[in-house]
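Data block below; observations after.
This one's a predicted model, so the numbers in the text were calculated from it and none came from an experiment. Positions are given from 1, in the same order as the sequence printed here.
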Amino acid sequence: MSVAQGTSRTTARRLEHFLTYLLLATGGVVICIPFFWMISTSLKQQMDVYLFPPQWIPEPVQWDNYRQVMTFWPFWTYVGNSVFVSVGSIVGKLIASSLAAYGFARLRARGRDVIFVILLSTMMLPSQVTLIPQFILFSKLRWIDTFKPLVVPAFFLGPFYVFLLRQFFMTISFELEDAARMDGCNSLQVFYRVILPLSMPALAIVAIFEFRGRWNDFLEPLIFLNSPSKRTLALALQFFQGSEGVLPQLHLLMAASFLSMVPLLVLFTVAQKRFIQGIVFTGIKG
């Protein structure tokens, strides 16, 4: 290969990388425009929200909008409700799904694979289809307008989480399990002494997915909760705009929306490395 050919290929490769990064950067900017607009609106005065052409940089910056959201609105009550529902659901999904996944991955039983296929088939059933039967059941149990319909079902498996954890458990070497059994461990001891410590990346993925889903959930709190004091943050945001006959206060709504996003942004930033490990790595490290 001549020097000219090598230089030409290097130039073409650099041009390809440049165009790829340019395309990705352009797409990233386009995707982030609504996010930037939300932050900009949250720092404006109410009269500046409807200016045309739009004012991207507020003048003056109204940091007081965030204080108003936390005082004018029972913001922390809604945050506490969302945290309670999210944490309770995470605990339930981790316990139930990990136990079921361990059984499907490591224990031998007749009909195990058939039951697993039936479990996966329930993922094709939309949650809206079962909403009315659930409402009737929870009404009979007198659970309506409590947090129980949002937390207790989490302790009865999640098909997607069972599938994810089962696939992860199957990558863990059986030699580790055999060594633990030779030391006198039973199946339950193998589960929490060997399997769970090696499965922290996969468990972190389950926790992240469940937290994101519960924190942003709107439909189920809307159906099962009636009292304003028991609303979750996602549900309360819907009632915030134009509440009590007041004109829409978009600057405060955007401030409240941004505050509701902060836990998700922090969680993703902190757990990003663990999240990627759960996707890429297996349970055994050489």
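Hydrophobic clustering of Ile, Leu, Val, Met, Phe, Trp and Tyr side chains at less than 4.5 Å, counting indirect connections, unites Met38 with Val262. Val69 and Trp76 fall within a single hydrophobic cluster, where Ile, Leu, Val, Met, Phe, Trp and Tyr side chains are chained together by heavy-atom contacts under 4.5 Å. Using a 4.5 Å cut-off between side-chain heavy atoms of Ile, Leu, Val, Met, Phe, Trp and Tyr, with links allowed through other members, Leu107 and Ile95 fall into the same hydrophobic cluster. Under the 4.5 Å side-chain heavy-atom criterion for grouping Ile, Leu, Val, Met, Phe, Trp and Tyr, Ile33 is connected to Met254 within one hydrophobic cluster. Tracing side-chain contacts under 4.5 Å through hydrophobic residues (I, L, V, M, F, W, Y), one never reaches Val194 starting from Met170; they form parts of separate clusters.
When all heavy atoms of Arg212 and Leu264 are compared, the pair lying nearest together is CA-CD2, 3.9 Å. Shown here for Phe211 and Ser86, the closest heavy-atom pair between the two residues is CD1-CB, 3.7 Å. The shortest heavy-atom contact between Pro221 and Phe218 is CD-O, 3.5 Å. A pairwise comparison of heavy atoms in Ser199 and Phe169 identifies OG-CE2, 3.1 Å as the closest pair. Taking both residues in full, the closest heavy atoms of Thr77 and Ser229 are given as CG2-O, 3.5 Å, listed atom of the first, atom of the second, then distance. The minimum heavy-atom distance between Asn81 and Thr232, with the atom names listed, is CB-CA, 4.3 Å.
The shortest side-chain heavy-atom distance between Leu253 and Thr41 does not fall under the 4.5 Å cut-off. Phe155 is not listed as a side-chain neighbour of Lys93, based on a closest heavy-atom distance of 4.5 Å or more. You'll find the side chain of Pro126 reaches within 4.5 Å of the side chain of Val129, heavy atoms only. By the 4.5 Å heavy-atom criterion applied to side chains, Val152 and Trp143 are counted as neighbours. Residues Leu225 and Phe147 have side chains in contact (heavy-atom distance under 4.5 Å, counting atoms from C-beta outward). Side-chain contact check for Lys148 versus Phe224: every heavy-atom pair is 4.5 Å or farther apart. Leu120 places none of its side-chain heavy atoms less than 4.5 Å from the side chain of Phe160.
One finds no salt bridge joining Arg193 and Glu177 here, because no Lys/Arg side-chain nitrogen approaches an Asp/Glu carboxylate oxygen to under 4.0 Å.
Judged by the 6.0 Å and 45° rule, Arg112 forms no cation-pi pair with Phe104.
The environment of Tyr21 atom OH is sparse: at most 12 non-hydrogen atoms of other residues, nucleotides or ligands sit within 6.0 angstrom. Counting non-hydrogen atoms of other residues, nucleotides and ligands closer than 6.0 Å to CH2 of Trp63 gives a total of 12 or fewer. Counting heavy-atom neighbours within 6.0 Å of Tyr66 OH, excluding the residue itself, gives a total above 12. Sparse packing is recorded around CD1 of Ile132, with 12 or fewer heavy atoms of other residues, nucleotides or ligands lying under 6.0 Å away.
Summarising the geometry, atom CG belonging to Leu252 is positioned 10.5 Å from atom OG belonging to Ser257; distances are rounded to the nearest 0.5 Å. Rounding to the nearest 0.5 Å places CG of Leu43 at 11.5 Å from CD1 of Ile57. From Ile223, atom CD1 reaches atom CD of Gln128 across 10.0 Å, with rounding to the nearest 0.5 Å. Rounding to the nearest 0.5 angstrom, the gap separating the CG atom in Leu233 from the CD atom in Gln238 is 12.5 Å. Taken from CG in Leu188 to CD1 in Ile195, the straight-line distance is 12.0 Å, to the nearest 0.5 Å. Separating the CZ atom in Arg214 from the CD1 atom in Ile90 is a distance of 10.5 Å, to the nearest 0.5 Å.
Side-chain N or O atoms of Asn216 include none that pairs as donor or acceptor with a backbone N or O of Ala234 at under 3.5 Å. Asp64 contributes no side-chain N or O that, together with a main-chain N or O of Arg67, makes up a donor-acceptor pair within less than 3.5 Å. No donor-acceptor pair under 3.5 Å is formed between the side chain of Trp215 and the backbone N or O of Val83. With Ser40 contributing its side chain and Phe36 its backbone, the two residues share no donor-acceptor pair below 3.5 Å. Listed for the Ser82 side chain is no donor-acceptor partner under 3.5 Å among the backbone atoms of Val79.
Pairs engaging residues 181-203 under the ring pair (Phe, Tyr, Trp, His ring centres under 6.0 Å) rule: Tyr102-Phe191 [sequence neighbours left out].
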- request: Any chance you could lay out the side-chain contact (heavy atoms from CB on, under 4.5 Å) test for Tyr161 and Leu94, step after step, and finish with the verdict?
  value: CA-CA 8 Å; Tyr161 299 144; Leu94 287 177; over 6 Å; no
Phe84 vs Val151, side-chain contact (heavy atoms from CB on, under 4.5 Å): CA-CA, chis, key distance, verdict: CA-CA 9 Å; Phe84 176 79; Val151 176; 4.3 Å; yes
- prompt: Yes or no on side-chain contact (heavy atoms from CB on, under 4.5 Å) for Leu176 and Leu198, after CA distance, side-chain angles and deciding distance?
  reply: CA-CA 11 Å; Leu176 298 175; Leu198 293 172; 3.5 Å; yes
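With sequence neighbours excluded, no residue forms a ring-ring contact (aromatic ring centres under 6.0 Å, His included) with Phe35.
Arg106 and Ser187 share no side-chain donor-acceptor pair at under 3.5 Å. In this model, no donor atom of one side chain and acceptor atom of the other lie less than 3.5 Å apart for Asn65 and Ser42.
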